[in-house]
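Just so it is clear, the values below take in all heavy atoms, side chains as well, and ignore hydrogens, waters and symmetry mates.
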Amino acid sequence: MSQLWILAFLADYYIQLAFIVVCVILAVIALLRCLPKSSDMFFVQGKRTKGFWLGMTGGALALTVIGLLSHLSPPGAFSLLFPVIGACMASVYLADVDPAVSGR
């Protein structure tokens with residue numbers, strides 16, 4: 001295999017790793033922003049319960065970490081699928097629910 005292909009594979013590996021790390025950070029932020037919220041604000045704003053959103057953001061973090069571990073071992077089939085799903089779950093909380101229950 002030529003050096004150009006090796007460089008291309010290495011670049012692909014590290015770009016995917018950076019993307020997965022960003023997904024993990026997004027999921028951590030969503031979980032940490034959900035923890036201190038008052039459970040009454042979820043009811044007042046007509047959103048699902050705080051327990052539901054804690055489960056969703058915790059699940060998002062779990063999926064992104066599984067994707068990260070899958071990528072660090074010999075890259076598996078779910079090394080990009082799970083982080084993308086987790087980032088979508090965290091983004092829904094951050095874009096829709098968090099501003100509503102923050103009282104802003």
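Between Trp53 and Tyr93, the ring planes are tilted. Angles from 30° to 60° get that label.
Although no hydrogens or angles enter the test, the distance criterion places no donor-acceptor pair under 3.5 Å between the side chain of Lys50 and the main chain of Phe42.
Considering all non-hydrogen atoms of both residues, Arg33 and Ser102 come closest at NH2-OG, 4.2 Å. Of all the heavy atoms in Lys47 and Ala100, the pair that sits closest is CE-CB, 3.8 Å. When all heavy atoms are compared, the tightest approach of Ala27 to Ala90 is CA-CB, 3.9 Å. Pairing each heavy atom of Ala87 with each of Cys23, the nearest pair is CB-SG, 3.8 Å.
Considering Leu68, Thr64, Leu63, Val65 in turn, Leu63 is the only one that fulfils the side chain to side chain contact (heavy atoms under 4.5 Å, CB included) rule with Phe82.
Note: Cys34 SG to Leu94 CG = 9.5 Å, rounded to the nearest 0.5 Å. Rounded to the nearest 0.5 Å, atoms CD (Gln45) and CG (Asp96) are 10.5 Å apart. Between the CG atom of Leu17 and the CG atom of Leu80 there is a distance of 10.0 Å, given to the nearest 0.5 Å. Distance CD1/Ile20 to CG/Leu69: 10.0 Å, rounded to 0.5 Å. From Leu10, atom CG reaches atom CD1 of Ile15 across 11.0 Å, with rounding to the nearest 0.5 Å. From Leu61, atom CG reaches atom CD1 of Ile25 across 11.5 Å, with rounding to the nearest 0.5 Å.
Under a hydrophobic clustering in which Ile, Leu, Val, Met, Phe, Trp and Tyr are joined whenever their side-chain heavy atoms come within less than 4.5 Å, directly or via other members, Tyr13 and Val21 fall into the same cluster. Phe52 and Met89 end up in the same hydrophobic cluster when Ile, Leu, Val, Met, Phe, Trp and Tyr side chains are linked at under 4.5 Å. Transitive grouping of hydrophobic side chains (ILVMFWY, heavy atoms separated by less than 4.5 Å) keeps Phe9 and Leu4 in distinct clusters. There is a path of hydrophobic side-chain contacts, each under 4.5 Å, that joins Tyr14 to Ile6. The hydrophobic clustering, which links ILVMFWY residues whose side-chain heavy atoms are closer than 4.5 Å, places Val84 and Leu81 together.
For Phe43, the CZ atom sits in a loose shell: 12 or fewer heavy atoms of surrounding residues, nucleotides or ligands are nearer than 6.0 Å.
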